[in-house]
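Quick note: residue numbers are just sequence positions, from 1. These numbers were taken from a predicted model, which means no experiment stands behind them.
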Amino acid sequence: MTWLQMDLHLHTPASADYQDLSATYLEILQKAEERDLDIIAFTDHNSVSGIAAMRREIEDLELLEELDRLTPAEKSILDEYRRLLAKILVLPGFEFTAAFGFHILGIFPPETTVRRLEHLLMTLNVPEAQMENGSGQVGATADVLTSYEVIHDSGGLVIPAHVNAAHGVATQGFRFGGQTKIAYTQSEYLHALEVTDLDDMTRRATASFFSGSKPEYPRRMHCIQGSDAHRLSREGARRDTDLGIGDRVTEVLLPERSFAALKTLFLSDEFTRIRPYQPMSTAPFDVVQAAREQGPSIVHSFHEQVRSQRSRYRPITKDVVAFANTNGGTIYVGVTANATQAVTGVPNAEEAARALSDAIARSVVPKLDVQVEVASSAGKPVLIVRIPKGENTPYATDAGQVFVRQESETVVALRDEIVQLVRSVGSVGAEAASLTEPERIRAWTAPRQAMNDEDGGEDGASEEAQEAPEPESAAVQEPVEERRAPRRRRSRRRPPTDQPGAESPASSSSEGKAEPVAAVPDTTDAVAEPELPAAAVTPVASAI
């Protein structure tokens, strides 16, 4: 695994609003090398003329080379292209303007042909004549949700551009209903969201809003940043917001520099492998400290020690079960949730990581793919435990207890919550379907397992689990001592919190005081998407 730097939002002279009209495509690659970029994407406005022009220039030079007609100057240019393209992965793409002016990045494998990309733009209702102009204004095109699906089904990465800024699908002040904004940022076809404040560690950052902690926005989104460069460098720009190549970069931890590896990362639940790039002149981005700044939530928890004196790994195991039963999450071990306190660290971190991984494998039923890795924060080793959202719920500890995550607390699951976890799995087979409801709950609950002296001494069941009387169903047991926070009755209806900079009412009440919440328009006032012409929704598979 290697940290690679990428800028997936670069314009070229093929965009009508490009500011360095004298810039060449070779100079764009040279500037990318100068900024230490490993992966870039050409994303001109509703056009692929930029990537087409660069490929055509290289093909012409290769033809002259084959005919033995290259001049020394041309040979130098061709050699430089080959050197740079061997070092930098250049991905073809476009910045599509969907209905109502929303911008969407479509980024494709390097072998994708220009003809295929142009056909895709026509499928999205970009007029053929407009594709040569590279303008962001192209008239009536496909709606946002249809665009997501078409780009996704064509094999591209679907990334709404600068979602928290102008032309972004999550920008504040746009008079859309909350349900529309939820659909635009939670679609199953999305791979990531591009934000302009990825290095913001506060709770009001856009990435924090889409961390899966909001009830109306349960899908945790990968967030990246890009420069949206319309010039080679910021030097000489008229405005501070006119960035150059590599002025806003994302780092990704990949096994190789390839489109496939990047797409696999976006499809995974590994959120700690994406971070804003910090130049060498500044301190490297500390993902652990960033999480501490946001504090405990439905997807984050913190443990100062790997093992407690009383019950070994039990506190962490409970959080693992709760995250798996709720929405997945990350546990940080070796630090407290208080961002102002010093990092404790984990002694013998590599050995501790292996021991914790083994303990989780033994103590969580059914088996769950949990990843434990060693990271560094403030110069000290800490453990990061990544838990996916479970596909075989309910998960339980080896003591037969089922936990869920309620806001920033891990609590024992109520009976109705366990029933819902069972039902969320879908069909449980003919044998289970024939059982009565109490029997079905019992069948899907991990039985209490007898622990021998050796296991009990290492990480066996906690004292409260060992001394408690055997209930009729271990999963339905609700020991009062397990609750760390009083349960509150949840309203059946809650207005969606559709502003990235706003805290949800639930999170405000959990801190004991109300925080200002952005006004949210009623969902019944959502602007309806216009019905599209048949051409706008033609399946790509049949059109190409």
Side-chain angles (χ1 to χ4, degrees), residues 7-32 37 39-63 77-78 80-81 84-85 88-98 101-142 147 150-151 154-159 161 167 194 226-232 242-245 259 535-536 540 543-544:
D7 190 344
L8 298 184
H9 195 167
L10 298 180
H11 292 267
T12 77
S15 288
D17 54 354
Y18 199 73
Q19 299 172 12
D20 283 344
L21 296 180
S22 62
T24 67
Y25 294 95
L26 185 60
E27 288 175 334
I28 292 176
L29 297 185
Q30 289 172 333
K31 178 59 70 172
L37 297 178
I39 306 173
I40 64 173
F42 285 1
T43 53
D44 289 308
H45 292 294
N46 305 292
S47 173
V48 290
S49 296
I51 192 71
M54 187 183 76
R55 289 179 177 178
R56 189 163 52 247
E57 180 182 1
I58 295 173
E59 289 171 357
D60 290 344
L61 292 172
E62 290 177 335
L63 177 60
I77 293 175
L78 180 58
E80 182 69 352
Y81 263 126
L84 292 169
L85 292 175
I88 303 171
L89 176 63
V90 181
L91 302 176
F94 49 73
E95 184 176 13
F96 171 66
T97 305
F102 293 115
H103 289 186
I104 304 168
L105 298 177
I107 301 169
F108 297 84
E111 66 274 9
T112 308
T113 64
V114 170
R115 180 175 297 180
R116 179 174 178 81
L117 295 175
E118 288 178 337
H119 190 94
L120 179 58
L121 285 171
M122 294 178 65
T123 303
L124 293 171
N125 269 9
V126 176
E128 185 176 358
Q130 291 283 1
M131 287 193 294
E132 294 297 325
N133 298 334
S135 172
Q137 306 294 327
V138 290
T141 56
S147 306
V150 170
I151 296 172
S154 297
L157 298 177
V158 186
I159 306 175
H167 302 290
E194 184 194 47
S227 64
D228 193 9
H230 285 71
R231 56 188 300 115
L232 290 178
D242 292 336
L243 303 183
I245 296 171
F259 177 87
V540 174
I544 297 181

Audit row: Phe259, Ile39, side chain to side chain contact (heavy atoms under 4.5 Å, CB included) steps and yes/no: CA-CA 9 Å; Phe259 177 87; Ile39 306 173; over 6 Å; no

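- Put simply, CG on Leu91 and OG1 on Thr112 are 8.5 Å apart, with the number rounded to the nearest 0.5 Å.
- Closest approach of Leu26 and Tyr81 over heavy atoms only: N-OH, 3.4 Å.
- The shortest heavy-atom contact between Ile151 and Ile104 is CD1-CG2, 4.2 Å.
- Looking at Ile77 and Glu57, their side chains come closer than 4.5 Å, going by heavy atoms from C-beta outward.
- Heavy atoms of other residues, nucleotides or ligands lying less than 6.0 angstrom from CD of Glu128 number 12 at most.
- Closest approach of Ser47 and Gly134 over heavy atoms only: CB-CA, 4.0 Å.
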Begin with the C-alpha distance, continue with both residues' side-chain angles, and end with the deciding distance and a verdict on side chain to side chain contact (heavy atoms under 4.5 Å, CB included) for Gln130 and Leu121. CA-CA 10 Å; Gln130 291 283 1; Leu121 285 171; over 6 Å; no

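- Pairing each heavy atom of Ser227 with each of Asp7, the nearest pair is OG-OD2, 2.6 Å.
- With hydrogens and angles ignored, the 3.5 Å screen pairs a side-chain donor or acceptor of Thr97 with a backbone N or O of Gly136.
- Interatomic distance, Met122 CE to Met131 CE, rounded to the nearest 0.5 Å: 5.5 Å.
- His230 NE2 to His11 NE2: the interatomic distance, rounded to the nearest 0.5 Å, is 3.5 Å.
- When all heavy atoms of Asn125 and Ala142 are compared, the pair lying nearest together is CB-N, 4.1 Å.
- The aromatic rings of Tyr25 and Phe42 lie tilted to each other, with the angle between the two planes from 30° to 60°.
- Using a 30° and 60° split on the angle between ring planes, His167 and His103 fall in the parallel class, below 30°.
- Side chains of Leu232 and Tyr18 form a contact here, defined as non-hydrogen atoms less than 4.5 Å apart.
- Residue Glu80 holds its CD atom at 12.5 Å from CG of Leu61, rounded to the nearest 0.5 Å.
- Counting only heavy atoms from C-beta outward, the side chains of Ile245 and Leu37 approach each other to under 4.5 Å.
- Without hydrogens or angle criteria, His9 side chain to Ala229 main chain gives no donor-acceptor distance under 3.5 Å.
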Do Ser15 and Asp44 pass the side chain to side chain donor-acceptor pair (under 3.5 Å) test, and can you show the C-alpha distance, the side-chain angles, and the key distance before you say yes or no? CA-CA 5 Å; Ser15 288; Asp44 289 308; 2.7 Å; yes

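- Interatomic distance, Ile28 CD1 to Ile88 CD1, rounded to the nearest 0.5 Å: 11.5 Å.
- Glu27 contributes a side-chain N or O that, together with a main-chain N or O of Thr24, makes up a donor-acceptor pair within less than 3.5 Å.
- Counting only distance, with no hydrogens or angles, the side chain of Asn46 and the backbone of Ser135 share a donor-acceptor pair below 3.5 Å.
- The structure places CZ of Arg231 at 10.5 Å from CG of Leu21, a figure rounded to the nearest 0.5 Å.
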So Phe94 and Val126, side chain to side chain contact (heavy atoms under 4.5 Å, CB included) or not? Walk me through it. CA-CA 12 Å; Phe94 49 73; Val126 176; over 6 Å; no

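- No more than 12 heavy-atom neighbours from other residues, nucleotides or ligands sit within 6.0 angstrom of CD on Gln137.
- Residues Arg55 and Pro92 approach most closely at NH2-CG, 3.8 Å, considering heavy atoms.
- A donor-acceptor pair is defined here as one N or O able to donate and one able to accept, closer than 3.5 Å; such a pair exists between the side chain of Thr12 and the backbone of Ala14.
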